[in-house]
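Structure, as structure tokens:
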2 protein chains.
Amino acid sequence: MFAALAAKGHRVTRQRRVIVAEFARVGRYTTAQELHERLRTHHNAIGLATVYRTLEMLRDVGAATIQSHAKGEAAYLFCPIAHHHHAVCIKCGRVADVACRSVTPFERALSAELRFRPTQHRLEFFGTCARCS
Amino acid sequence: MFAALAAKGHRVTRQRRVIVAEFARVGRYTTAQELHERLRTHHNAIGLATVYRTLEMLRDVGAATIQSHAKGEAAYLFCPIAHHHHAVCIKCGRVADVACRSVTPFERALSAELRFRPTQHRLEFFGTCARCS
DNA sequence: GTCTCTGCAAAGGGTTTGCAACGCA
DNA sequence: TGCGTTGCAAACCCTTTGCAGAGAC
């Protein structure tokens with residue numbers, strides 16, 4: 001994970017370690033503001049701008065995804081693994097990773113019917129997780 | 001479409017007709033600012049706040065979806081029909097509607113393996129449309 | 001006639017930026 | 001030592017809000 005940073009010429013600093021650790025611990029979509037607040041609480045004062053810059057950097061190296069559903073703050077999810085999908089719990093917000101499968105036939109239909117050439121897709125499920133059911 | 005407004009106690013005004021017409025014409029994700037600019041160009045000066053309020057109202061009556069992928073502005077898509085998916089062209093931005101199918105087996109697997117109870121999903125394809133290929 | 005809508009401008013608030021000090025590599 | 005990073009605060013800019021006049025029904 002940190003190796004990916006170095007590979008892109010980014011440095012591994014104390015702040016980045018702390019932010020990434022906390023970000024990974026959250027396990028759901030979170031905002032820069034919330035992360036900043038959590039770090040303040042944990043006695044690791046880190047500038048808000050640094051949190052924003054770090055999240056943006058993580059996105060750049062493919063270790064985070066952004067999604068601002070509604071107006072207001074942008075939500076980031078720590079997500080360092082390759083292509084897959086998400087099952088988002090609408091009660092607790094926790095996000096489970098789900099392997100990608102069975103979208104291919106759908107894509108084939110797209111090509112045939114619309115002459116649309118799919119190169120990427122995004123699939124998210126919303127519902128209730130085991131704990132919240 | 002306008003009937004849905006009346007049904008929810010909204011009024012059909014000149015501004016709303018113009019905004020909806022232009023919004024529907026766009027055929028891709030667009031922003032309040034862009035819509036406002038297009039209307040200004042077309043000699044239909046309408047306040048920016050009115051554009052924002054109208055988009056929000058359309059979302060309320062289920063005729064628009066919002067999605068702010070990146071930072072900055074929120075993107076709205078005119079989308080007055082029931083559940084379906086989108087095929088977004090990464091070159092011209094045009095969005096084609098795609099009927100929903102073949103996600104059910106995936107959902108069943110989710111229930112079985114994660115004890116996650118899916119109630120909703122969102123699927124989007126990105127690629128090149130017929131015109132841009 | 002009533003109650004909603006519009007336009008304007010100001011307020012609000014999340015995000016970015018400039019710059020000097022700091023600290024990985 | 002060199003160059004990326006941090007922190008602070010100010011700047012930005014998208015979005016919302018307050019209010020008086022206009023308009024839908």
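Naming convention: chains lettered A, B, ... in sequence-line order (proteins, then strands); numbering from 1 in each chain. It should be emphasised that the depicted structure is a prediction, and the values quoted were computed from it without experimental measurement.
For the pair B:Glu34 CD and D:dC14 P, the interatomic distance rounds to 13 Å; values are reported in whole Å. D:dG4 atom C1' lies 16 Å from atom NZ of A:Lys8, rounded to whole Å. A straight line from CG of A:Asp60 to C1' of D:dG4 spans 14 Å, rounded to a whole angstrom. Atom CD1 in B:Ile19 sits about 8 Å away from atom P in C:dG7, given to the nearest Å. When the C1' atom of C:dT16 is taken as reference, atom CD1 of A:Ile66 falls 13 Å away, rounded to whole Å. Taking atom NE2 of residue B:His36 and atom C1' of nucleotide D:dT15, one finds them 13 Å apart after rounding to whole Å. Remark: C1' of D:dC25 and CG of B:Leu5 are 14 Å apart, rounded to the nearest angstrom. If you take CZ of A:Arg40 and P of D:dT6, they are 20 Å apart, rounded to a whole angstrom.
Side-chain N/O atoms of B:Arg16 include one lying less than 4.0 angstrom from OP1 or OP2 on C:dT6. Contact annotation: A:Gln15 reaches the phosphate of D:dG7 (side-chain N/O to OP1 or OP2, under 4.0 Å). For the pair A:His10 and D:dT5, the criterion of a side-chain N or O lying under 4.0 Å from OP1 or OP2 is not met. Within the structure, every side-chain polar atom (N or O) of A:Thr13 is placed at least 4.0 Å from both OP1 and OP2 of D:dG4. B:Thr50 has a side-chain polar atom (N or O) that falls below the 4.0 Å cut-off from OP1 or OP2 of C:dG7.
Judged by distance alone, with hydrogens and angles left aside, A:Arg11 brings a side-chain donor or acceptor within reach of the base of D:dC3, the pair sitting under 3.5 Å.
In terms of position along DNA chain D, the nucleotide closest to B:Gln33 lies nearer the 5' end than the nucleotide closest to the other residue of the pair B:Gln33 and B:Arg17.
Distances from the side chain of A:Arg53 to the nucleotides C:dG14, D:dG7, D:dC14 place D:dG7 closest. Which of C:dT15, D:dT15, C:dT6 sits closest to the side chain of A:Tyr52 comes down to C:dT15.
At least one side-chain heavy atom of B:Arg17 sits less than 4.5 Å from a side-chain heavy atom of B:Phe2. In this structure the side chain of A:Arg38 reaches within 4.5 angstrom of the side chain of A:Val26, judged on heavy atoms.
No side-chain N or O of A:His85 forms a donor-acceptor pair with one of A:Glu124 less than 3.5 Å apart.
One distance of note links OG of B:Ser111 with CZ of B:Phe106; it measures 11.5 Å at 0.5 Å rounding.
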Apply salt bridge (charged side-chain N to carboxylate O under 4.0 Å, His left out) to residues B:Arg53 and B:Glu56 and explain how you reach the verdict. CA-CA 5 Å; B:Arg53 285 186 279 229; B:Glu56 196 44 44; over 6 Å; no
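Using a 4.0 Å heavy-atom criterion, one finds that B:Leu48 contacts the bases of the nucleic acid, with or without backbone contacts as well. Among the protein residues, B:Ala45 comes within range of the sugar-phosphate backbone only, with heavy atoms under 4.0 Å from sugar or phosphate atoms but none that close to a base.
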